[in-house]
There are 2 protein chains.
Amino acid sequence: MLVKRDTAIHEVDQTAPIGPQVRRALRERIIRNDLKPDQKISESEIAAQYGVSRQPVREAFIRLSDEGLVTILPQRGTRVCRIGLAAVRDARFIRESIEADITRLLADGQGADHVDEFRGLIDAQRRAADTDPVEFIRADEAFHRAMADAVGKGGLWRKVQSLKSQMDRVRFLALGQFPVRKLIDQHAAIVDGIAAGDADGAEVALRHHLREVLSDLPHIVRTNPDFFDAATDGAEDQIVKLKGGETV
Amino acid sequence: MLVKRDTAIHEVDQTAPIGPQVRRALRERIIRNDLKPDQKISESEIAAQYGVSRQPVREAFIRLSDEGLVTILPQRGTRVCRIGLAAVRDARFIRESIEADITRLLADGQGADHVDEFRGLIDAQRRAADTDPVEFIRADEAFHRAMADAVGKGGLWRKVQSLKSQMDRVRFLALGQFPVRKLIDQHAAIVDGIAAGDADGAEVALRHHLREVLSDLPHIVRTNPDFFDAATDGAEDQIVKLKGGETV
DNA sequence: GCTACCATACTGCCATACAAGTAGACAAGG
DNA sequence: CCTTGTCTACTTGTATGGCAGTATGGTAGC
């Protein structure tokens with residue numbers, strides 16, 4: 001039977017698999033804070049919005065639940081998770097550890113071949129710096145991803161993306177509040193270290209860079225208290241001591 | 001209506017949510033190589049085995065697909081993935097990066113408080129060394145996890161567990177073939193470095209330890225060729241240069 | 001004997017219906 | 001006013017039916 005889809009708010013491609021489409025769409029809406037924390041979303045409600053049945057939506061919910069973006073309470077409902085401070089810090093810690101090693105690989109190995117590429121991506125960030133914050137985030141993402149690709153660890157990047165969701169939510173929450181200039185300069189410092197073959201220097205620069213968010217985090221939490229979970233921030237997280245001895 | 005479940009091979013608790021149960025059961029069977037790579041499994045077949053409907057099984061498949069344990073071919077079937085060499089190496093790389101930082105935290109910070117605990121876990125490994133390989137794996141797991149817990153990064157451990165699935169399959173495949181003595185000695189070396197507050201030494205010891213599997217991997221692949229994907233092993237993966245200059 | 005075709009029996013995907021449980025409104029009784 | 005029981009309108013969980021696409025095995029034609 002032909003169902004009238006004119007009540008659908010959002011569009012889906014009826015020929016392609018629907019479940020993954022809904023999943024991507026919802027993921028995007030949550031990260032961009034279109035769907036806000038604690039907001040209740042039901043399978044039937046979303047199904048109606050997209051003009052599909054409950055089943056694909058349900059599958060999307062399950063996957064989002066694995067990502068920690070929604071919590072499914074059996075027989076009670078599903079709602080968007082608050083941003084877990086612990087999850088953000090864990091994701092940041094993982095990212096620093098991995099990218100530190102990647103940076104060392106680049107500095108010690110044939111990273112010099114990619115220096116021009118990296119500098120080009122940094123230029124793109126400069127162009128987007130003051131105009132479009134979203135574009136800057138994309139450029140930033142591209143830069144870090146390029147470093148992973150350069151050492152053949154691109155697949156790894158995709159695997160940890162689900163862990164990065166919470167970090168991404170923070171970034172979109174603080175859109176335009178980032179010290180873009182400083183971040184770009186830090187990127188440049190990393191590449192300089194790589195170009196010079198200075199593994200220690202490049203690593204310190206990268207760790208320093210990825211810790212920038214830590215200093216901004218308290219302010220962001222204070223500004224948007226009801227976006228974060230009530231986890232008492234007593235458990236200050238540990239930070240690896242930098243080689244230079246500075247504690248940031 | 002009471003349905004007769006006497007045709008069910010495996011049991012499930014009909015009161016608790018079924019999907020997660022099936023998921024855990026299948027995950028276990030795959031990792032323990034009860035379900036072998038390339039083996040085709042269908043929703044209806046598994047559903048019949050557990051005496052449930054296809055829907056929960058489908059949800060289990062989806063989650064296992066996210067973990068990279070099965071591949072769902074639309075309209076064609078679902079089969080157990082071969083062990084992806086790239087995935088194994090990626091997981092190992094991530095693990096080395098993270099645990100290297102954790103080790104540094106322990107050596108630089110209050111890791112000394114936990115040295116006795118770590119040594120106790122190593123003793124447990126010694127006891128299980130020659131008797132029960134499975135128990136040794138559990139003890140090994142407990143040791144590494146304890147280090148993460150000691151610096152408040154225990155939650156992180158759970159998050160990367162899905163990435164570790166492929167590594168775990170390798171471990172169960174090579175049950176009893178591991179150089180247990182050597183591994184235990186390496187554990188001891190790591191703890192010694194922590195106890196001495198020697199961050200560099202402890203880190204090198206840990207990286208050395210986690211690279212042990214790399215030397216065993218080719219042999220394991222040769223012995224069980226049809227458990228691994230046909231990815232031509234041409235792309236040798238990059239390894240971070242150790243501080244001491246040794247390349248393992 | 002060999003090849004091309006086709007019927008059939010699968011597969012996973014989607015939609016729908018039913019079941020089980022919860023939250024909240026609301027009225028009756030203390 | 002407060003408590004309590006019930007009833008309704010939700011929620012997610014499970015089961016089932018139908019659909020479109022694919023692999024396979026048998027068969028007709030050469």
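Every chain is numbered from 1 and lettered A, B, ... according to where its sequence line falls, protein lines coming before strand lines. Only this structure's heavy atoms are used, side chains among them; waters, hydrogens and symmetry mates stay out.
Between the CD atom of A:Gln21 and the C1' atom of C:dC13 there is a distance of 13 Å, given to the nearest Å. As a whole-Å value, the separation of A:Tyr50 OH from C:dA15 P is 15 Å. Atom CD1 of A:Ile62 is separated from atom C1' of D:dT14 by 12 Å (rounded to the nearest Å). The CZ-P distance, from B:Arg54 to C:dT16, rounds to 16 Å in whole Å. Atoms CD1 (A:Ile18) and C1' (C:dG12) sit 14 Å apart, rounded to a whole Å. Distance CG (B:Leu64) to C1' (C:dG12): 15 Å, rounded to an integer number of Å. Following rounding to the nearest Å, B:Arg79 (CZ) and C:dG12 (P) show an atom-to-atom distance of 12 Å.
The side chain of A:Ser44 lies closest to D:dT11, out of D:dA15, C:dG12, D:dT11. Comparing D:dT11, C:dT22, D:dA20 by their nearest atom to the side chain of A:Arg76 picks out C:dT22. Counting only heavy atoms from C-beta on, A:Phe61 has its side chain closest to D:dT12 among C:dC14, D:dT14, D:dT12. Distance from the side chain of B:Ser42 is smallest to C:dT11 among D:dT14, C:dT16, C:dT11. Among D:dG13, C:dA15, C:dG12, the nucleotide with an atom closest to any side-chain atom of B:Ile72 is C:dG12. With distances taken from any side-chain atom of B:Arg58 to the nucleotides C:dT22, C:dG12, D:dT14, the minimum falls on C:dG12.
A cation-pi contact links A:Lys153 to B:Phe93, judged by a cut-off of 6.0 Å to the six-membered ring centre and 45° from its axis.
Between the base of D:dT14 and the side chain of B:Gln55 there is no donor-acceptor pair shorter than 3.5 Å.
Toward the 5' end of DNA chain C, the nearer of the two residues A:Pro20 and A:Gln75, judged by each one's closest nucleotide, is A:Pro20. DNA chain C is contacted by both A:Pro56 and B:Glu43; B:Glu43 maps to the nucleotide lying nearer its 5′ end (nearest heavy atom per residue).
A salt bridge between B:Arg29 and B:Asp34 is present, with a side-chain N of the basic residue lying under 4.0 Å from a carboxylate O of the acidic one. Using a cut-off of 4.0 Å between Lys/Arg side-chain N and Asp/Glu carboxylate O, B:Glu141 and B:Arg145 are scored as not salt-bridged. For the pair B:Arg63 and B:Asp66, the salt-bridge criterion is not met [side-chain N within less than 4.0 Å of a carboxylate O].
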Evaluate the side chain to side chain donor-acceptor pair (under 3.5 Å) criterion for residues B:Ser162 and B:Glu67: first the C-alpha distance (whole Å), next the side-chain angles of each, then the deciding distance (0.1 Å), finally the verdict.
CA-CA 6 Å; B:Ser162 66; B:Glu67 268 189 73; 5.8 Å; no
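The phosphate of D:dT14 (OP1 or OP2) has no side-chain N or O of B:Ser53 nearer than 4.0 angstrom.
Within 4.0 Å (heavy atoms only), B:Ile41 reaches sugar-phosphate atoms of the nucleic acid but no base atom.
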